Amino acid sequence: MYRYAQKLPHLLRSLLLLSLITATSAQAAEKIDLIIDTDPGADDVVALLFALASPQELNIRALTTVAGNVRLDKTSRNARLAREWAGREEVPVYAGAPKPLMRTPIYAENIHGKEGLSGVTVHEPKEGLAQGSAINYLIDTLKTAKPHSITIAMLGPQTNLALALIQEPEIVQGIKEVVIMGGAHFNGGNMTPVAEFNLFADPQAAEVVLKSGVKLTYLPLDVTHKILTSETRLKQIAAIGNNASKLVGNILNEYVKGDMEHYGLAGGPVHDATVIAYLLKPELFTGRAVNVVVDSREGPTFGQTIVDWYDGLKAPKNAFWVESGDAQGFFDLLTERLARLQ
Ligand code: RIB
Ligand code: CA
């Protein structure tokens, strides 16, 4: 290219060079400035390894932890473990809300184990937590961020972001979009016939986030229950042969048992990791803009996401609802990224 360029008249050479620089910088500019809010949690840890293995596309500013699958001290330790296993200890971890906004706290130790991380032995990671709460980190970062520049991936109950929005509503200025694992419509719930865990664990928080008007994308059980492990897909991961793939294999082998038994399926979902795949390769997924309402009234529909999929009410579309995805494409991408880790 350069030899050929030398023959060109000077002006044309400069134009060619300029177009090359523009193309490269445009590519570099596409990086996603990302905060991951999480309640690790087995599938959260898979999602964190997936994201931390993708620095070319994801500029992970911080991990913020919340109580959910297990108590806050354990979700925070597990986030630090994922960071250590990914070799990314420069990413700060801020601990957030120890309990939901209003409802009595619930946990999912029956699914994720007492330590919140089934299938592997946990230890106290070397690197500690960052100073200060996740709520203050969110407020300080989003208030001063360039307009609509930061994406937030929410993998657990939405308590941290809700508290930040209640305290400082103007932080919406810094949010580009919020991509949420949560909710259920076509699939039905996994906590009650209608409610999915992350929404059931703090519906009032989900209402605060929904009403803030930020750009929202939901990856509900409707899509996560279509992207299931299988013997072949787990073998595909195990064949990588590094430590990360061994960890993910051991975690998933244990984690998916509950769902496989409950739903009588040959594989289980990796809920939270679909959020990271969506950020990396949105073309793997399909959905539509809808009106979503969260039910926070006590009773049989507590925590339900009511989705007007056919726009019968002609209400404002306040979220993009992902209802399907390319399962093999997801596992191919997850495998390719895990292979980049140690
Ligand atoms: O319903 C699945 C969600 O609840 C996932 O985020 C899982 O980690 C649990 O938090
Ligand atoms: Ca989670």
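Since the model is a prediction, treat every value here as computed from it, not as a measurement. Order of listing sets the numbers, starting from 1, for every ligand and every atom in it.
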query: Angle class for the His225/His271 ring planes (parallel below 30°, perpendicular above 60°, tilted otherwise)?
result: tilted
Number the atoms of ligand 1 from 1 as they appear, then name those within less than 4.0 Å of a heavy atom of [X], with their elements.
{"X": "Asp39", "result": "10 (O)"}
{"X": "Asp44", "result": "8 (O)"}
{"X": "Phe197", "result": "1 (O), 4 (O), 9 (C), 10 (O)"}
{"X": "Asp43", "result": "5 (C), 6 (O), 7 (C), 8 (O)"}

query: Do Met181 and Val179 share a hydrophobic cluster (ILVMFWY, side-chain heavy atoms under 4.5 Å, transitive)?
result: yes
query: What N/O/S atom of Asp272 is the closest to the Ca ion (ligand 2)?
result: OD2
task: Measuring from the Ca ion (ligand 2), name the closest N, O or S atom belonging to Asp39.
output: OD1
- prompt: Is the closest basic N to carboxylate O distance between Glu298 and Arg103 below 4.0 Å?
  reply: no
query: Taking both backbone and side-chain atoms of Tyr255, is any N or O found less than 3.5 Å from an N or O belonging to ligand 1?
result: no
- request: Decide whether an N or O pair under 3.5 Å exists between Leu221 and ligand 1.
  value: no
Might you point out which heavy atoms bring [X] and [Y] nearest each other, and give the distance in Å?
{"X": "Ala184", "Y": "Thr305", "value": "O-OG1, 2.7 Å"}
{"X": "Leu280", "Y": "Ser54", "value": "CD1-OG, 3.6 Å"}
{"X": "Arg233", "Y": "Leu228", "value": "NH1-O, 2.7 Å"}
{"X": "Lys176", "Y": "His148", "value": "CB-O, 3.3 Å"}
{"X": "Glu207", "Y": "Ser296", "value": "OE1-OG, 2.8 Å"}
{"X": "Val120", "Y": "Leu247", "value": "CG1-CD2, 3.8 Å"}

Nearest non-hydrogen protein atom, [atom]:
{"atom": "atom 6 (O) of ligand 1", "value": "Asp272 OD1, 2.6 Å"}
{"atom": "atom 9 (C) of ligand 1", "value": "Asn69 OD1, 3.1 Å"}
{"atom": "atom 10 (O) of ligand 1", "value": "Asn198 OD1, 3.0 Å"}

- prompt: Which option, His225, Glu196, Met181, His271, owns the non-hydrogen atom nearest atom 1 (O) of ligand 1?
  reply: Glu196
query: Using heavy atoms and a threshold below 4.0 Å, how should the contact between Asn190 and ligand 1 be classified: side chain, backbone, both, or neither?
result: side chain
message: Within rounding of 10°, what is the angle whose vertex is the Ca ion (ligand 2) and whose arms end at O of Leu155 and OD1 of Asp44?
response: 140°
